[in-house]
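The next block holds one structure in the form of C-alpha cells; read it before the comments.
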Amino acid sequence: MAKIKVTINEGGFEREVEIEAPEGTGSWPKPDQMHVLGKRTTRLEAPDKVTGRARYTYDVNLPGLLYGKIIRSPHAHARIAKIDVTKAKALPGVKAVIVIDPNKEVTYQGDEIAALAAVSSDVAEDAARLIDIQYDLLPHVASIDDARKPGAPRAIPNRDNVGREERSETGDVNSAFAAADAAIDANYSTQVQTHVCLETHGVVCKWDGDELTVWASTQGVQGVRDELAREFGLPASKVHAITEHMGGGFGSKFGAGVEGSICARLAKDAKAPVKLMLDRKEEHLAVGNRPSIQIHMKAAGKKTGELTALETDSYATGGVGGGAGYPMPYVYSCPNTRIAKREVFINAGAARAFRAPGCPPAAYLMESTMDDLAEKLGVDPLEFRRKNDPNQTRQKQYDMGAERIGWATRRNKVPGSAPGPVKRGIGMGSGAWGGGGGPADIVTTRIHRDGSVEVLCGVQDLGTGTRTAIGVVAAEELGLQPHELKVAIGHTDYGPSNGSGGSVTIGSVSPAAKTSAANAKMQLFQKVAPSLGVTANDLSAQNGRVFVTKDPAKGMSWKDACAKLDAAGISAQGSWIPGLNSSGTAGTQFAEVEVDTETGRVRPLRVVAVHDCGLVVNRLTAESQIYGGVLMGLSFALLEDRILDGPTGRMVNPNMEDYKVVGCLEVPQIDVILMDMPERGVIGLGEPPVIPTAAAIANAVYNAIGVRVRDLPITPDKVLTALSAKAKEA
Amino acid sequence: MEKRDADDRPPRENGRRPRRPISRRGFLAGIGGAAAVAGALTSGSCSRAADAGPKPLSGETQITLRVNGEDRKVTVEPRTTLLDALRDRLDVTGPKKVCDRGECGACTVLMDGQPVYACLTLAVDAQGKQITTVEGIGTPDKMHPVQQAFVEHDALMCGFCTPGFVMSVKALLDRNPNPSPDNVRHALAGNICRCGTYPRVFEAALDAAKRVKGGA
C-alpha cells in the first residue's frame, strides 16, 4: 500500500505523520456545479445560541449537582509546610475535599494545591477560605532577565532556568554582513498573552457505577475520554465525553486537564455529580498563555532589494512550561542566517498552544525588521517583500492588499512626515500556516424512511463553524440544504474524532463527511434505481430530488425516494480519503492607523486582510473567522499584556478590566479578501488570520510617527517614550 | 466585615502587607450584603447578618423573582447574585458567567427594561422587578428580530457572549429605534467577544433596528 504524509493534531500541536493511503481519491464538484459549498450558510446552531437554548458545559445542571473549587497557591514559589482541611470538611454542605500533595512545591501563582465540592458555589468559596495552608516561601523569578542573572534561584527544582540553546546556521553570515549595503541591529520583545476563552476551562463529571460521563469545555472530546479512562483504569467504552457547544479554546483546551481529573475524583468521593468551572483569575494564571520573547535581531541587505543576512539571538519563556518556539526568518528566504533560541523557565503558569503558536510574535519581529531594513536600504518596503518572498500566492496577495489599502497614495513616503499632532500611517505584515488534516474522524450519515437525515461525528465545534461545515459538505453530496440536516457532534459516542487544533479540523472532517454522505447516497440509489429502471450509478441527487443523471425529468423527490427504504433506513459511515484537502496557507494584511502624538494613543482605522484557504466551504463563517483573527491580532498588538509583579511574582491584572481585550470601540473597518482556490481542496483557516495583524499595525504606527516601538503591546506610554527619545536625539 | 479569597492572603514572611485585591464577594459582604438584607429581605431568617461579626453569612431565604413573565420561587443567600440565582437555582442559563465582576457583559439581562449585569446585581435586589433574559424574548422557532438578525449576519462564533450582546442590542433599540453605527458601538462597549465577531454584531444591530421598525 502506498504511504502518504498527512498533518494531524495531537494535544494542540500539529504533527506530520506517514500513513498508509486509504483506498480511493476524492474530488469536489466543479465550482459551477456547487450548490451549497462555497455559499453563505448561517450556522446550524445559531438559533439555539441566540436564544439561550444552547447548553454549554458551564450550563449543565443535574439533580444533586455539587460545585467544585480548586484551592491554588497565592505564591509564585513555595513549599507547603502544613495544610489543614479539618474546618473545611466540617462546614455543612461540603461533600468532598482532596489535597493534591501535602508537601507540594508550588512553582507559580495558581498552582493547584487542594480541591473541594460543596452544595453551592458560595459554600465552596466559604470552605476554601477555611483551609489553612502554611507555606515556606522559596525565592522566585518572575522575568526572563531575573531568571538569567548569575546565581538566580531556580524556577523549577532540578532544572536550569535557561534551557538548551537551539542553534541553526546557513550560508556565511559574517561575510554577508560585511558585504551588505546596509544593516540594522535592534532589540525587540513581545509579551505574554492569555487565551481569555469566555467559557472558562472546566468539566461536569457524573458517575453511574463505574461509568463516567463528562461534559467538558474542550477542543478534543476523544482526548478527554482517553485521558480519564487511563487515569481511572476504565475501558474507553465506559467514559463518555460531551461538548455540544463550547465557549472558545484557542489552543488552551486539550485533554481533561488537572481540573478534569480532580472533578472526576471529587464526584467519585462525593458520590454525586460535580461541576468544576474555573473562575476568570484562575483562567489567566493556570491554563495556558502565549510565551513572551526577547530577541536581538540583526539583518542586512543590498540596495538592489535582497535580504542577505539575518542573525537572531533570543530568550523566550512559557513560564514553568516549554513550547516557546517560533519560526525565523518565517516567510522570507534569506541565504545567510544564524539563529539562536533559548527557552527560559520562570515562576509563572505554563504556556499552551495559542492560535498559531509562535507565529504572531514571529511576524511582528520579522516584519518590523523588514521595514527598518528596507528604509535603510532605500527600497520600498512592499518591493523589498516581493523580492524576498518565495511564495507565489502571497505575491498575488501583495497586489490585492496594496491596491485596496492605497499603498501607493496613502502611505507616508517619509515615515512620520505627516503634519499635525494626529498622524496617520500604513503598514503591512504577512504570515504562513500549515493546516492539513488526515484520518481521524468517522462520520455516520443516517437516512430515515421519512426523508430526514442525521449526520453524526464525535468532533467538537469551537465556534469556528465545524458543525455547519459538516452540514454543508453532506448537504452538497445529498442534494439537500444544510438546514434540512441534523448534524450531531461533540460526543465520543458518535465515533472517533480529531482534536481541533493546528487548523486541521476541516481538512480532517470534511473528507469523512463527504465519504459518509456519498456512501449513504449510494445505498439510497440502490433502493431507488429499480423503480426507475436504471442502475444506482445512473442516478444523481440535487435540489431535493433523486433523478436519472442523463434524463433529469425522470426521478422523484428526496422524500419519495426515502419512502422506498425499509424501516431501518440507511446508516453509512465514511472516513478520510486523500484528494479533498491540502495544507499551506498564505496571508497578508495591510493596516492603517492614526496615532495621537500628544497622548500616545493608537487608533486602528482599517485592516485589509487577504487570505487563502483553498476551497471555501462556507463563505459566511470563513469571513467571520478572518474578522476574529484580525481582532485578536489587533488586541495582541495594542492591548493585551499579562503583567507579573517582580517582587511577588503575582499577576497584577488577572481579570478582564486591567487585562485589556479588544472591545467595540477599538474595532476598525476590516476588509476581508478571501482568495478562492477550489482546486486545492479544503484548508483550515482558524489560525492564519491572527498572524499578520500585529506586524501590520506595528509597521503602520512606525509609518505614522517615524519611531519604532520595539516592545508589544504598543501602549500610549511606549509611544510617548519612543517619541521623546527621538526628540532628544534630534 | 472583611472577606478575602484564600489565595489572596498576603505573605506573612516579608512583613509587608500588600494592598488587598478587591473581590466582589468581599465587597458585597462588607457593605452591600448587609444593606441589601436589611432593605430587601422580608424573611427574618437572615437577621444574624444585621449583627454580623467577621464570620461568613450563611442564612438562606426564599424569595420570588419574576423571570421572563413568570413568578419563580428561589432560595438564596443575601450574597447570591442574580446571575447565580438564575443559572444555578432556576436553570435559566442563557445569561453567562464569564468574568463575574462586571467587566464583560455576558450576563446582561434586562431589569424593568434596563440592561444590568446580573453578576453585579444581588438576587434580593431583583425582587419585584421584571427580569428578562435572552430566553424571554424569543425561541428558536419564534426568534425576536434582534435574534433573527444575529443568526443571519453570523453575529456569533462560539456564542458564549451572544446572549449578552443580544440583550444589549435589544435594550438599545428599545430606547433608540434609530441608532447610528456610533450609537451601536457605545451601547455595546460593555460587552466583550473573544472570538472577535464585533463587525457582524454591528451589522446585525443596524439590521435589527430596521426589522423592529418594519414590524418584522
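Throughout, a chain's letter reflects where its sequence line sits, starting with A, and its residues are numbered from 1.
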Exercise. Which distance, rounded to the nearest 0.5 Å, do you find between the CE of B:Met157 and the OG1 of A:Thr621?
Worked result: 9.5 Å
Seminar exercise, completed: Closest non-hydrogen contact found for A:Asp122 with B:Thr80 is OD2-OG1, 3.5 Å
Exercise. What is the distance from atom OG1 of A:Thr51 to atom CG of B:Asp141, rounded to the nearest 0.5 Å?
Worked result: 9.0 Å
Exercise. Between B:Cys193, B:Gly138, B:Pro163, which has the largest tally of heavy atom pairs under 4.5 Å with chain A?
Worked result: B:Gly138
Exercise. Does A:Asp279 come within less than 4.0 Å of B:Lys97, counting only side-chain N to carboxylate O?
Worked result: no
Exercise. So which of B:Gly196, B:Gly94, B:Pro140 has the biggest tally of heavy-atom pairs under 4.5 Å with chain A?
Worked result: B:Pro140
Seminar exercise, completed: Whatever's closer than 4.5 Å to a heavy atom in chain A on B:Val151 counts as both
Exercise. Under 3.5 Å, side chain of B:Tyr198 to main-chain N/O of A:Val662, donor-acceptor pair present?
Worked result: yes
Problem set entry | Residue among B:Ile137, B:Asp88, B:Val146 with most heavy-atom pairs under 4.5 Å to chain A | B:Asp88
Exercise. Distance from A:Thr42 atom OG1 to B:Phe150 atom CZ, nearest 0.5 Å?
Worked result: 14.5 Å
Exercise. Mind checking whether A:Glu45 and B:Leu156 have side chains closer than 4.5 Å, heavy atoms only?
Worked result: no
For this session: Just give me the residue among B:Asp91, B:Thr162, B:Val166 that pairs up with chain A most often, heavy atom to heavy atom, under 4.5 Å.
Result: B:Asp91
Problem set entry | Residues A:Arg619, B:Asp154: salt bridge by 4.0 Å N-O rule | no
For this session: Please confirm whether the backbone N or O of B:Val98 pairs with a side-chain atom of A:Arg280, one donor and one acceptor, at under 3.5 Å?
Result: yes
Exercise. In this structure, which one of B:Cys99, B:Cys161, B:Cys104 forms a side chain to side chain contact (heavy atoms under 4.5 Å, CB included) with A:Leu198?
Worked result: B:Cys161
Problem set entry | Spatial distance of atom CD1 (B:Ile192) from atom CD (A:Glu657) [nearest 0.5 Å] | 9.0 Å
Exercise. Roughly how far, to the nearest 0.5 Å, is the CG atom of A:Asp126 from the CD atom of B:Glu77?
Worked result: 7.0 Å
Problem set entry | Where A:Phe250 and B:Cys195 come nearest, the two heavy atoms and their spacing | CZ-SG, 4.1 Å
Exercise. Which bit of A:Tyr627 is near chain B, if near means a heavy-atom gap under 4.5 Å: side chain, backbone, both or neither?
Worked result: both
Exercise. Side chain, backbone, both or neither: which part of A:Thr464 has a heavy atom under 4.5 Å from chain B?
Worked result: neither
Exercise. Are more than 12 heavy atoms from other residues, nucleotides or ligands located less than 6.0 Å from atom CZ of B:Arg66?
Worked result: yes
Problem set entry | B:Val184 and A:Cys664, any side-chain heavy atoms less than 4.5 Å apart | no
Seminar exercise, completed: Given A:Val196, A:Thr200, A:Val123, the one with more heavy-atom pairs under 4.5 angstrom with chain B than any other is A:Val196
Seminar exercise, completed: If one checks every heavy atom of B:His144 against chain A at 4.5 Å, the contacting part turns out to be neither
Problem set entry | CE on A:Met632 to CZ on B:Arg194, rounded to 0.5 Å | 4.0 Å
Problem set entry | Side chain B:Arg185, main chain A:Val667, donor-acceptor under 3.5 Å | yes
For this session: Please flag which part of A:Ile670 lies under 4.5 Å from any non-hydrogen atom of chain B: side chain, backbone, both or neither.
Result: side chain
Exercise. For A:Glu283, is it the side chain, the backbone, both or neither that has a heavy atom under 4.5 Å from a heavy atom of chain B?
Worked result: neither
Problem set entry | NZ/NE/NH1/NH2 to OD/OE distance under 4.0 Å, A:Glu623 and B:Arg200 | yes
Exercise. Checking heavy atoms, do the side chain of A:Met656, its backbone, both or neither come under 4.5 Å from chain B?
Worked result: both
Exercise. If you tally heavy-atom pairs under 4.5 Å against chain A, which of B:Lys96, B:Glu152, B:Met143, B:Arg89 wins?
Worked result: B:Lys96
Exercise. Is a side-chain N or O of A:Tyr56 found less than 3.5 angstrom from the main chain of B:Gly159, in a donor-acceptor match?
Worked result: yes
Seminar exercise, completed: If you tally heavy-atom pairs under 4.5 Å between each of A:Gly52, A:Gly663, A:Cys197, A:Ser624 and chain B, the highest tally belongs to A:Ser624
